[in-house]
Amino acid sequence: MNPICLGLTIFLACLLGSAPLSAASFSLTERETAAAIQVGQRSVVSEEFGQEWRVDGANDSSVTVLTPFHRLALAARNAAFKKGTLKRREIEGLLKEQRGKLLFWARLHGAREDFARWYQPVLAAPGREAIAPSFVQNERTALRLDDSRYLARCLYAFPTAGLSPKGRITLRIQNPDGKDVERFTVDLGAMR
């Protein structure tokens, strides 16, 4: 995307407002790219930023779905906090890195420091067999909380091929015995 088109797209998005998009998009158009940047820049004054992509689970656990829109909005937000803007190559690099992937940032609670070390995520989608992750990063040494529990922050990536951006999916996090320890039902149709 050349700088003039990007600038014009951002200008038009600001002029027309920030109407929500209809569903998660696994590959952003120029309009969606401009909207994500605008949402991120405007979010510096909003404490609710990110709620759209967060799904709560049991035991105070949660997962944040990092769609390409959310990832770009988050980068624009971070740049705005530094009184800057994203450069074209940063935008293109971020979108290229995210291409074909849906990321989940899980915050899980447990009783031991290493409770999440061997967890394995599985994604379930209607009409599909269980989808294996393309990347798993479990926190090996969880953070001890004041209430004697531990917080593990884990990152999971799954391929988007065959997923419906308007569908419902379930992220299941399993222990080494294959039993679910957490389940998160995600409505991609409610996210951008």
Side-chain angles (χ1 to χ4, degrees), residues 1-57 60-109 135 137 139 142-146 151-158 160 163 165-166 168-169 171 182 184-192:
M1 177 182 327
N2 71 45
I4 294 172
C5 286
L6 180 61
L8 182 58
T9 305
I10 292 171
F11 171 75
L12 288 174
C14 291
L15 187 64
L16 297 173
S18 59
L21 303 172
S22 60
S25 178
F26 300 138
S27 178
L28 298 182
T29 64
E30 287 187 28
R31 178 177 174 263
E32 291 167 331
T33 298
I37 293 168
Q38 177 190 16
V39 166
Q41 289 171 338
R42 287 185 176 177
S43 73
V44 296
V45 295
S46 171
E47 291 186 27
E48 288 83 32
F49 177 78
Q51 294 300 322
E52 172 181 339
W53 299 281
R54 182 182 162 142
V55 177
D56 293 325
D60 296 326
S61 295
S62 66
V63 69
T64 300
V65 183
L66 294 167
T67 64
F69 188 99
H70 182 207
R71 189 110 185 263
L72 186 55
L74 188 58
R77 175 185 170 96
N78 291 338
F81 275 126
K82 298 176 186 174
K83 307 275 191 253
T85 58
L86 293 175
K87 293 174 180 45
R88 181 177 149 214
R89 66 174 163 60
E90 292 173 315
I91 295 167
E92 290 171 353
L94 194 142
L95 294 176
K96 183 178 179 183
E97 179 184 310
Q98 182 88 22
R99 189 174 299 136
K101 299 178 202 165
L102 184 59
L103 302 175
F104 296 89
W105 181 252
R107 295 175 50 87
L108 308 170
H109 292 90
F135 179 80
Q137 182 177 344
E139 191 161 32
L143 175 67
R144 185 179 177 95
L145 302 175
D146 292 337
L151 170 66
R153 293 151 300 192
C154 306
L155 181 66
Y156 307 126
F158 290 88
T160 59
L163 290 181
K166 294 183 180 184
R168 283 184 178 268
I169 56 176
L171 174 64
E182 285 291 345
F184 301 96
T185 300
V186 177
D187 182 3
L188 293 173
M191 299 178 182
R192 293 177 281 181

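All heavy atoms count here, side chains included; hydrogens, waters and symmetry mates do not.
Between Asp60 and His109, the closest heavy-atom pair is O-CE1, 3.1 Å. Nearest heavy-atom pair, Glu90 versus Thr85, reported as atom, atom and distance to 0.1 Å: OE1-O, 4.1 Å. The two atoms that bring Val39 and Ala73 nearest to each other are CG1-CB, 4.4 Å, heavy atoms only. Of all heavy-atom pairs spanning Ser25 and Pro68, the tightest one is O-CD, 3.3 Å.
Evaluation of the ring pair (Phe, Tyr, Trp, His ring centres under 6.0 Å) test over residues 27-56, restricted to residues two or more places apart or in two chains, returns Phe49-Trp53, Phe49-His70, Trp53-His70.
Taken to the nearest 0.5 Å, the OH atom of Tyr156 stands 7.5 Å off from the CG atom of Leu171. Residue Lys166 holds its NZ atom at 12.0 Å from CG of Leu188, rounded to the nearest 0.5 Å. To the nearest 0.5 angstrom, Leu86 atom CG is 9.0 Å from Asn78 atom CG. To the nearest 0.5 Å, atom CD1 of residue Ile91 and atom OG1 of residue Thr33 are 7.5 Å apart. Note: Leu72 CG to Leu95 CG = 5.5 Å, rounded to the nearest 0.5 Å. Taken from OG1 in Thr64 to CD in Gln51, the straight-line distance is 9.0 Å, to the nearest 0.5 Å.
Using a distance-only test at 3.5 Å, with no hydrogens or angles considered, a donor-acceptor pair links the side chain of Glu139 to the main chain of Arg153. Of the possible polar contacts, none joining the Ser46 side chain to the Ser43 backbone as a donor-acceptor pair under 3.5 Å is found. A side-chain donor-acceptor contact under 3.5 Å links Thr67 to the backbone of Arg192.
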For the pair Glu182 and Val63, evaluate side-chain contact (heavy atoms from CB on, under 4.5 Å) and give the outcome as yes or no after the intermediate values. CA-CA 10 Å; Glu182 285 291 345; Val63 69; over 6 Å; no

Evaluate the side-chain contact (heavy atoms from CB on, under 4.5 Å) criterion for residues Asp187 and Met191: first the C-alpha distance (whole Å), next the side-chain angles of each, then the deciding distance (0.1 Å), finally the verdict. CA-CA 7 Å; Asp187 182 3; Met191 299 178 182; over 6 Å; no

Go through the steps for Glu92 and Lys96 under the test salt bridge (charged side-chain N to carboxylate O under 4.0 Å, His left out), then give the verdict. CA-CA 6 Å; Glu92 290 171 353; Lys96 183 178 179 183; over 6 Å; no

Give every donor-acceptor pair under 3.5 Å between a side-chain atom in residues 98-105 and any protein atom, sequence neighbours left out.
| residue | atom | partner | partner atom | Å |
| --- | --- | --- | --- | --- |
| Gln98 | OE1 | Arg71 | NH1 | 2.8 |
| Gln98 | NE2 | Leu66 | O | 2.8 |
| Gln98 | NE2 | Lys101 | O | 3.4 |
| Lys101 | NZ | Glu97 | O | 3.1 |

